[in-house]
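A quick write-up on the structure given underneath.
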Amino acid sequence: MSASAHPPSNRVPASLAIETDVNLKPYNTFALPAVARRLVRIREAADVRRVVDHPELGRAPKFVLGGGSNLVLTKDIDAVVLKVEIAGIRLLEARDDAWIVEAGAGVVWHDLVCWTLDQGYPGLENMALIPGTVGAAPVQNIGAYGIELKDRLEAVEVMDLVTGRPALLPAQVCRFGYRDSVFKHGDFGGLAGKSVITKVRLRLPRPWRPVLGYLEIERKMAETGIAAPDARQIFDWICAVRRAKLPDPAVIGNAGSFFKNPVVTAEQCKDIIGRDPGIVHYPMPDGSVKLAAGWMIDACGWKGKAVGGAAVYEKQALVLVNKADARGAEVVTLARAIQESVYGRFGIRLEPEPVVV
Ligand code: EPU
């Protein structure tokens, strides 16, 4: 490439610091030990361009690290770790039908939920306290208590890891599914490993309408006698429900639900109910049925069981925790044993939610 096509002054900006042998334990919510040989902090979208243009880093394999909330690290990482730390939240547009809010990928998801409520832009309250960052939210299509990210997503801003160019992806092209998106897959046109999410735009519908109907919310409504809760009330209830049954990653390492809830056909479900009448299941709009993986794991007697430092959480069998200095391999061994036992009893293969590296 000629010097004029690529001015040297743009190629190695002083601001791009490469850290070596970085301990990743504080950077994954499971608190698993692993080392990044090289790590670069992405503090603005232009940093991705700087990485792409860098003489050493440009061609090296990359590993994008968000809040590390959906990750099981089993080994050190040789690829260049791009740790996304892009900050900032702002109201982009106040439309008649929605508030459009933009947040940097490095913002803590729960901080965004709190900010929107404080500013008077409700709509994210059912997704309070989900661990992780804003940039990780579309990857997983995070969801809880009747709302998924896709229901509130306007667009995702990404930087291409080969060209260093930005693109704004509208929600329709993100191929959102249950805990799934175009960002989770590298094949069939997927974007995993090919781009970095730098900003996320949310669409918070006006007028606000509460999303109720979930058993735990209905229980709170009955207990308190509040029939028409506002967004702040729902937020408080969700925080209380989650704190009661899900472990706080700041106290005990975990990655939320470890397995997806499997979806089966109505016939398969009938068959399973015939054998296990108590199984918790939810009919889906398309006729399929979602089974509660936590119930199945619990029914197989896994609550509290451990492999080394990795254990099944006592209050919610779908959550695996780092009880005492667990290694990633122990988490994986425990997960496999659970998968085998659930398959043996129910004939269902559980699929892990987090990415295993
Ligand atoms: N259950 C048991 N024993 C257990 C765990 C669950 O019997 O040990 C039963 C519960 O009593 C309940 C049913 O299984 O009847 C479902 O449990 P829960 O309501 O706790 O929800 P979940 O299916 O385990 C899903 C999401 C969560 C989300 C909640 C609330 C998945 C994989 N998980 O959990 O998301 O917060 O619903 O919407 O879809 C996450 O993805 O990391 C996550 C925490």
Side-chain angles (χ1 to χ4, degrees), residues 28-30 66-72 109-110 113 124-133 136-151 176-181 184 211-220 234-235 237-249 252-264 269 272-273 276-284 288-305 311-321 335 338-339 341-342 345-346 348-355:
N28 71 98
T29 63
F30 236 123
S69 58
N70 205 43
L71 190 60
V72 180
W109 171 262
H110 184 68
V113 176
L124 299 180
E125 54 284 346
N126 292 47
M127 293 189 281
L129 276 186
I130 295 182
T133 55
V139 181
Q140 270 291 95
N141 183 24
I142 58 169
Y145 304 100
I147 303 190
E148 286 183 339
L149 183 83
K150 71 170 171 56
D151 305 323
F176 287 122
Y178 167 57
R179 296 293 188 277
D180 200 21
S181 77
K184 219 175 163 180
V211 176
L212 307 170
Y214 224 88
L215 185 69
E216 272 122 328
I217 301 181
E218 285 187 345
R219 203 175 279 151
K220 291 281 185 194
I234 295 172
F235 170 89
W237 285 343
I238 299 288
C239 289
V241 166
R242 290 189 73 103
R243 287 200 170 105
K245 71 174 182 187
L246 294 170
D248 176 356
I252 181 159
N254 74 91
S257 302
F258 198 90
F259 299 100
K260 292 185 188 183
N261 284 326
V263 177
V264 298
C269 184
I272 295 171
I273 290 174
D276 273 288
I279 191 163
V280 176
H281 59 286
Y282 315 95
M284 305 297 283
S288 61
V289 183
K290 200 180 253 186
L291 305 175
W295 186 91
M296 290 192 274
I297 299 167
D298 195 0
C300 290
W302 279 100
K303 258 184 195 165
K305 295 261 171 71
V312 179
Y313 192 50
E314 278 99 350
K315 295 185 205 162
Q316 225 293 12
L318 196 53
V319 178
L320 305 191
V321 295
I338 291 169
Q339 281 170 312
S341 102
V342 167
R345 172 154 169 193
F346 298 98
I348 300 283
R349 287 192 196 281
L350 293 181
E351 194 188 323
E353 234 198 52
V355 175

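As a basis for the values below, the full set of heavy atoms in this structure was taken, side chains included, without hydrogen atoms, waters or symmetry mates. For reference, positions follow the sequence shown, starting with 1. Remember, it's a predicted structure, so these values are computed and weren't measured experimentally. Counting starts at 1 for both ligands and their atoms, following the listed order.
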Looking at [atom], what's its closest protein heavy atom, distance included?
atom                    : result
atom 1 (N) of ligand 1  : Trp295 N, 3.7 Å
atom 5 (C) of ligand 1  : Gln316 OE1, 3.3 Å
atom 8 (O) of ligand 1  : Ala317 N, 2.8 Å
atom 38 (O) of ligand 1 : Tyr145 N, 2.7 Å

For ligand 1, the portion of Ala292 having any non-hydrogen atom under 4.0 Å away: side chain
query: Hey, is Phe259 touching ligand 1 through its side chain, its backbone, both or neither, going by heavy atoms under 4.0 Å?
result: backbone
Kindly identify the option in [options] whose heavy atom sits closest to [atom].
atom                    : options                        : value
atom 4 (C) of ligand 1  : Val319, Leu291, Leu246, Asp298 : Asp298
atom 29 (C) of ligand 1 : Trp302, Tyr214, Phe258, Tyr282 : Tyr214
atom 27 (C) of ligand 1 : Ser257, Ala144, Pro131, Gly294 : Ser257
atom 19 (O) of ligand 1 : Glu148, Met127, Arg242, Lys245 : Lys245

Can you list the atoms of ligand 1 that are under 4.0 Å from a heavy atom of [X]?
X      : answer
Leu318 : 24 (O), 32 (C)
Val280 : 13 (C), 15 (O)
Glu353 : 31 (C), 32 (C), 40 (C), 41 (O), 42 (O)
Gly256 : 42 (O)

- prompt: How long is the gap from CD1 on Ile348 to CD1 on Ile279, to the nearest 0.5 Å?
  reply: 7.0 Å
field: Atom pair CD1 (Ile217) and CH2 (Trp237), whose distance is rounded to the nearest 0.5 Å
entry: 8.0 Å
query: Any protein heavy atom under 4.0 Å from atom 42 (O) of ligand 1?
result: yes
task: Might you check, step by step, whether the distance between atom 10 (C) of ligand 1 and some protein heavy atom is under 4.0 Å?
output: no
query: Any non-hydrogen atom of Arg179 lying under 4.0 Å from ligand 1?
result: yes
Close approach, Tyr178 and ligand 1, non-hydrogen under 4.0 angstrom: yes
Flag, side chain of [X] to backbone of [Y], donor-acceptor distance under 3.5 Å:
X      : Y      : value
Ser181 : Gln140 : no
Gln339 : Leu350 : yes
Asp298 : Ala317 : no
Asn254 : Pro247 : yes
Asn126 : Tyr145 : yes

- request: Taking the side chain as every heavy atom from C-beta outward, state whether Pro131 and Trp109 have any pair of such atoms under 4.5 Å apart.
  value: no
- prompt: Taking only residues two or more places apart in sequence, or in another chain, which ones meet Glu351 in a side-chain contact (heavy atoms from CB on, under 4.5 Å)?
  reply: Lys260
- request: List for me each residue that meets side-chain hydrogen bond (donor to acceptor under 3.5 Å, both in side chains) alongside Arg179, sequence neighbours excluded, and say none if there are none.
  value: Glu353
query: Looking only at N/O atoms, are Asn261 and ligand 1 under 3.5 Å apart anywhere?
result: yes
message: Pair Leu291, Cys269 - check side chain to side chain contact (heavy atoms under 4.5 Å, CB included), show working.
response: CA-CA 8 Å; Leu291 305 175; Cys269 184; 4.0 Å; yes
message: Before you tell me yes or no, could you show the steps for Ile297 and Phe259 under side chain to side chain contact (heavy atoms under 4.5 Å, CB included), namely the whole-Å CA-CA distance, both residues' side-chain angles and the distance that decides it to 0.1 Å?
response: CA-CA 10 Å; Ile297 299 167; Phe259 299 100; 3.7 Å; yes
